[in-house]
Structure formats: structure tokens, C-alpha cells
> 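Below: one structure in C-alpha cells.
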Amino acid sequence: MACLYCGDGTYLKNPDEVSRKLCAMVNKLKPDVVMCGPCFNYLNYGKMAARIAYDINQNTSSKAIAAMSDDNQETINEYKDKLCIIKTPKKGGIGLNESLEGMCVLAKALYQEKEIEEFKEKILFLGCCLASFLLGGKKMWGIIATWRMAVEGISEASHILQEKGDAGDAIETAIKAVEDFPYYKSVGYGGLPNEEMEVELDAAYMDGNTLSIGAVAAIKDFANPVSIARRLSKEKVNNILVGEGAEKFAHKEGFERKNMLTDRAKIHYRNRVKEVREQEIKPYAGHDTVGMVCLDQQGKMTSATSTSGLFMKKKGRVGDSPIAGSGFYVDSSVGGASATGLGEDLMKGCISYEIVRLMAEGMHPQAACEKAVNQLDHRLKERRGHAGDLSLIAMNNKGEWGVATNIEGFSFAVATENQEPIVYLTKNKDGKCIHEVASQEWLDHYMKTRMAPLEEK
Ligand code: SD4
């Protein structure tokens with residue numbers, strides 16, 4: 001064997017154990033060269049790869065080399081005198097295909113007389129799932145959500161998933177946590193009202209095993225629309241209910257009634273009415289829908305959304321969030337996606353379905369999100385002169401995830417078997433989305449501004 005490739009696993013809970021097991025494997029297989037590098041990730045994901053390469057050089061007779069992009073500058077500085085590090089051009093990660101090419105070039109350099117094609121057959125790939133493989137067949141789980149506000153919810157969900165709980169229960173728990181928190185202005189209790197100062201809520205739930213869908217739209221006065229949507233997904237027909245019909249169903253099924261209009265939301269409403277009058281501000285500015293995709297240890301995937309839609313929307317307006325294929329979609333045999341942004345534009349691309357379709361063709365969730373968002377953004381600008389906000393999250397059935405946006409500073413939260421719940425901020429730079437872990441300062445500021453006393457203008 002010419003080479004052995006290993007993935008990253010930066011956020012592995014037990015890097016010592018992974019390194020020890022990988023060294024044992026290298027000692028057994030005795031490859032000439034071990035290439036260590038992040039597969040398709042962002043940030044400083046090369047850290048674990050560099051550390052593994054270093055340990056292999058210390059503890060085995062094989063030669064280990066690390067490969068990573070400039071995103072990993074910190075790691076490159078730390079290891080540059082201790083390790084051979086190949087810089088890969090690809091921003092973000094070396095990618096499976098890129099690393100295969102990269103290793104072939106490397107192998108050719110080492111064994112000069114051979115042709116690149118020959119090496120392809122001699123390379124053993126151990127990609128990003130290496131971690132779970134090495135840690136004794138532990139099953140992957142994960143949950144990803146739009147916006148910072150979801151992080152407490154996904155933390156609760158991760159306990160359920162860790163304990164082999166069901167992806168349906170985990171996602172419902174996570175979304176309910178967001179719906180119940182009064183300071184988040186676009187979801188559930190405390191959600192911002194429509195033009196007539198009524199809180200009309202949209203929510204959906206999808207089961208990726210059975211493809212069952214349930215949704216409610218423009219529902220008033222119920223505490224947890226996502227639970228009603230999940231209940232509807234169990235029906236044979238009548239899966240999507242709106243307004244009065246949805247309320248009647250929820251009442252009959254015993255769901256908790258609640259006046260969802262808070263005093264704080266009333267102040268936001270009155271202030272916005274004044275702003276719109278005085279400064280011509282668009283009533284639609286400022287919205288944060290929660291959308292999630294979840295994978296459990298049994299391989300079941302789910303997706304769900306919940307929102308009060310656009311602030312000051314017309315009574316009866318329905319956005320993308322309860323619409324399958326636009327606001328959400330999931331198929332356990334592939335993965336799922338969910339959207340936030342301007343529903344009217346998100347729906348024009350059936351964008352969640354499009355991402356799942358691209359993943360089914362073999363694309364990594366990150367590449368699929370970027371392709372779908374960039375293409376829709378481009379198409380909307382070309383045909384209509386402008387594109388609304390489009391932000392998408394996705395996860396495949398291996399627990400790999402991706403995010404893309406056409407706005408500045410979209411935040412999202414992820415937890416998986418390999419990583420604690422983390423909030424990231426992302427921005428689109430020339431079609432590539434760069435994710436950064438949100439600083440403590442940013443997180444504190446976020447909460448402070450959400451909960452600051454609100455004065456009527
Ligand atoms: C809607 N997509 O109703 C929702 C709004 C949203 O972040 O996502 N806000 O159009």
C-alpha cells in the first residue's frame with residue numbers, strides 16, 4: 001500500500017484514544033506513507049490531523065504527512081518545524097477527491113517512476129468517519145439548526161440522541177425549547193405579529209424513514225405548533241392544516257392553548273409601525289425562523305421548522321417553513337435540509353429538496369448547500385433584479401453537515417457524536433461559505449440584546 005488517508009475529527013471527545021488506535025492500525029498495515037488531513041470541513045480542523053501525523057511519526061515506522069489549507073494557519077504554525085505539511089489550495093478542506101489527487105501527486109513524487117493512476121488503486125481511505133470506526137463502532141448522530149437561538153434546544157436534543165433516543169423526539173424537544181423562550185422574536189411564544197397584531201405561526205415536521213409530513217400554517221394561540229405538525233404527520237390524509245382548521249384539530253387533540261402575543265412583541269409591533277411610517281423601513285426586516293435536521297443512532301433522520309413568519313406579514317400569509325421541499329426536506333437514505341430567509345424567494349427554488357437531491361447525487365452537504373444557494377441567488381438576480389435572504393443548513397445520513405447563505409453573519413448551531421454543541425457564524429465569500437466559531441463576546445452580546453429592556457418609541 002502506498003498511502004493511507006485519515007480524516008480529521010478535531011472535535012473528537014477522545015483524541016488520545018483515536019491517535020493510539022490509529023497508530024496501532026498503522027503498525028499493523030505498515031503503509032509507506034500516511035496522509036492526514038481534514039476531509040471537507042472548515043476552521044482549524046487540521047489540528048487533529050496534524051496531531052495524528054505527529055504521533056504516527058513518533059510511534060510507527062511509517063512516514064506521516066499532514067495536508068491542509070490556509071484555514072488551519074494556527075495548526076500550520078504550531079507544527080511547521082515538527083512535521084511535513086502540504087498546503088492544499090482548497091479553502092476549507094482537502095475534500096475526498098482533492099486529497100486522493102493530492103496523495104497521488106505525493107506518491108508520484110516519492111516513487112518517481114510510477115504513474116499517478118497506479119496509486120489510486122493502492123490507497124486506503126479512512127475518511128471522516130474514521131473516528132466512530134476507531135472508537136468501536138459507535139453510531140453517528142447529529143443535529144443542525146438555523147440561528148444561534150437553537151443552541152440550547154440542540155443541547156437538550158443531543159442528550160436524547162446520545163442515549164440512542166429517537167430523531168423525532170430529539171427534534172421536537174429542540175424546536176419546543178425555541179418556541180417556549182419568550183425573547184426569540186420569530187418563533188412561538190413572543191413571536192412577532194402580523195399586520196393586524198396577531199401572532200400567526202407556521203410549523204412542520206418530516207420523518208425521513210417514512211417520508212411522512214405534517215404541517216400547520218397561520219395557526220393562532222397554541223404553545224407548540226411543531227408538536228401539532230408532528231401529530232399531523234401520523235395521519236393518512238389531512239396532513240397540512242391552516243388557520244381555524246388547524247386550531248380545531250389542535251384543540252380536539254388536547255394541545256396546550258396559549259396566548260402567544262407577549263407585551264414585548266406588542267412594543268416591537270408599535271415601534272415598527274412608527275418606524276415604517278417615519279423612516280420607510282421595510283416591515284419585513286428582522287426575522288429568524290428555526291429549522292433543523294436530525295440524525296439518530298438508528299439512522300433515522302427528521303426535519304422540522306417553526307416560525308411566526310415575516311414580521312407584519314398580511315393576515316393569512318404562508319411562508320416556506322410549512323412547505324415540504326422549500327422550508328425543509330429529509331430522506332433518511334440521503335440526508336435533510338432546512339431553510340430560513342425570505343419564504344417567497346426560498347420557495348422559488350424548492351431549495352431544501354434541491355439540496356437533498358444534490359446530496360443524493362453524491363455531493364457533500366457543504367457543496368450541495370453552496371451550489372443550491374449560489375444558483376438560486378444568481379437566478380433570482382438575473383430574472384428579477386434582486387434575491388431575498390437565503391440561508392440553508394443540511395446534514396447527510398453520515399452526520400456530515402453543510403451550511404450556505406447569501407447574507408452576512410448567518411448564525412447556526414450543530415452538535416454531533418464528534419462535536420459538542422457549537423454556534424458558528426458564516427459568510428459567503430465569492431460563492432464559498434466560511435464558517436467561524438462564534439466568540440464568547442458575540443454570544444454574550446446576542447443574549448444581552450435579545451433580553452434588553454424594550455422601550456416604546
Ligand atoms: C418565512 N422563511 O415565513 C420564513 C421566515 C424566516 O428567518 O425564515 N425568517 O418566509
Side-chain angles (χ1 to χ4, degrees), residues 144-151 153 175 178-179 181 183-188 190-195 198-206 215-220 225-226 229 240 242-243 246 260 265 268 272 282-293 303-329 337-355 369 372-373 376-377 380 386-394 403-413 423 425-426 446 450:
I144 182 163
T146 56
W147 305 110
R148 142 72 186 89
M149 65 184 168
V151 74
I175 297 241
V178 187
E179 288 178 337
F181 193 68
Y183 292 94
Y184 297 143
K185 313 186 282 195
S186 306
V187 180
L192 291 176
N194 64 14
E195 238 181 29
E198 298 166 322
V199 180
E200 287 187 329
L201 302 168
D202 299 341
Y205 172 89
M206 182 164 184
V216 289
I219 188 171
K220 282 191 295 193
V226 72
I240 305 175
V242 304
M260 303 297 270
H268 275 302
R272 185 52 64 98
K282 275 197 235 140
Y284 285 176
H287 45 84
D288 300 346
T289 291
V290 68
M292 300 191 186
V293 177
S303 179
T305 59
S306 186
T307 186
S308 55
L310 299 181
F311 187 16
M312 305 280 257
K313 63 189 180 184
K314 286 251 175 290
K315 184 178 170 69
R317 179 255 183 199
V318 177
D320 61 302
S321 306
I323 307 293
S326 288
F328 65 96
Y329 196 81
S338 184
T340 175
L342 183 65
E344 283 73 0
D345 277 359
L346 290 159
M347 286 190 271
K348 292 182 177 86
C350 297
I351 192 158
S352 291
Y353 182 80
E354 175 62 8
I355 289 171
C369 284
V373 167
L376 181 58
D377 181 68
L380 291 168
H386 63 271
D389 295 1
L390 315 169
S391 301
L392 272 294
I393 51 126
V403 172
T405 185
N406 66 351
I407 64 168
E408 268 293 307
F410 170 58
S411 65
F412 64 95
V423 175
L425 293 169
T426 192
Y446 176 94
R450 289 303 179 283

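Numbering of ligands and ligand atoms starts at 1, following listing order.
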> Is there a polar contact between ligand 1 and Gly341, counting only N or O atoms under 3.5 Å apart?
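Yes; the residue has a nitrogen or oxygen that sits under 3.5 Å from a nitrogen or oxygen of the ligand.
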> Does any N/O atom on Thr289 come nearer than 3.5 Å to any N/O atom on ligand 1?
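So ligand 1 has an N or O lying under 3.5 Å from an N or O of Thr289.
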> Going by the angle between their ring planes, with limits at 30° and 60°, are Tyr329 and Tyr353 parallel, tilted or perpendicular?
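Rings of Tyr329 and Tyr353: perpendicular, as their planes differ by over 60°.
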> So does Leu425 get a backbone contact from the side chain of Ser411, meaning a donor-acceptor N/O pair under 3.5 Å?
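Here the side-chain-to-backbone pair does not exist.
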> Can you list the residues that meet the side-chain contact (heavy atoms from CB on, under 4.5 Å) rule with Ala404, with sequence neighbours excluded?
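Applying side-chain contact (heavy atoms from CB on, under 4.5 Å) to Ala404 gives Cys369, Glu370, Val373, Cys433.
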> For ligand 1, which atoms, with element, lie under 4.0 Å from some heavy atom of Ser321?
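That gives atoms 2 (N), 4 (C) of ligand 1.
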> Where does Met347 meet ligand 1, judged by heavy-atom distances below 4.0 Å: at the side chain, the backbone, both, or neither?
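Neither; no heavy atom under 4.0 Å.
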> Kindly write out the residues that satisfy side-chain contact (heavy atoms from CB on, under 4.5 Å) with Glu198, not counting sequence neighbours, or none if the list is empty.
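side-chain contact (heavy atoms from CB on, under 4.5 Å) check on Glu198 returns Asn194, Glu196, Glu200, Lys220, Lys315.
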> Can you sort out which atoms of ligand 1 are near Asp320, meaning under 4.0 Å from one of its heavy atoms?
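By the 4.0 Å cutoff, the relevant atoms are 1 (C), 2 (N), 4 (C), 10 (O).
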> Should Glu344 and Arg317 count as an ion pair when the cut-off is N to O under 4.0 Å?
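Answer for the salt bridge query: yes.
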> Measure Ser186 to ligand 1 on non-hydrogen atoms and call it side chain, backbone, both or neither using the 4.0 Å cut-off.
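The answer is neither; Ser186 stays 4.0 Å or more away.
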> When only distance counts, is Gly343 in polar contact with ligand 1, meaning an N/O pair under 3.5 Å?
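Between Gly343 and ligand 1 (N or O atoms, distance only) the closest approach is under 3.5 Å.
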> Counting N and O atoms only, with roles assigned by atom type, does the side chain of Ser186 sit under 3.5 Å from a partner on the main chain of Gly191, one being a donor and the other an acceptor?
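No, because the side chain of Ser186 does not come within donor-acceptor range (under 3.5 Å) of the backbone of Gly191.
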> Show which atoms of ligand 1 fall inside a sub-4.0 Å distance from at least one heavy-atom site of Thr340.
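Under 4.0 Å from Thr340, ligand 1 has these atoms: 6 (C), 7 (O), 8 (O), 9 (N).
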> Evaluate Arg317 for polar contact with ligand 1, using N/O atom pairs at a separation under 3.5 Å.
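The answer is yes, given that Arg317 and ligand 1 share an N or O pair closer than 3.5 Å.
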> When rounded to the nearest 0.5 angstrom, what distance separates CD1 in Ile323 from CE in Met347?
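With rounding to 0.5 Å, CD1 (Ile323) is 6.0 Å from CE (Met347).
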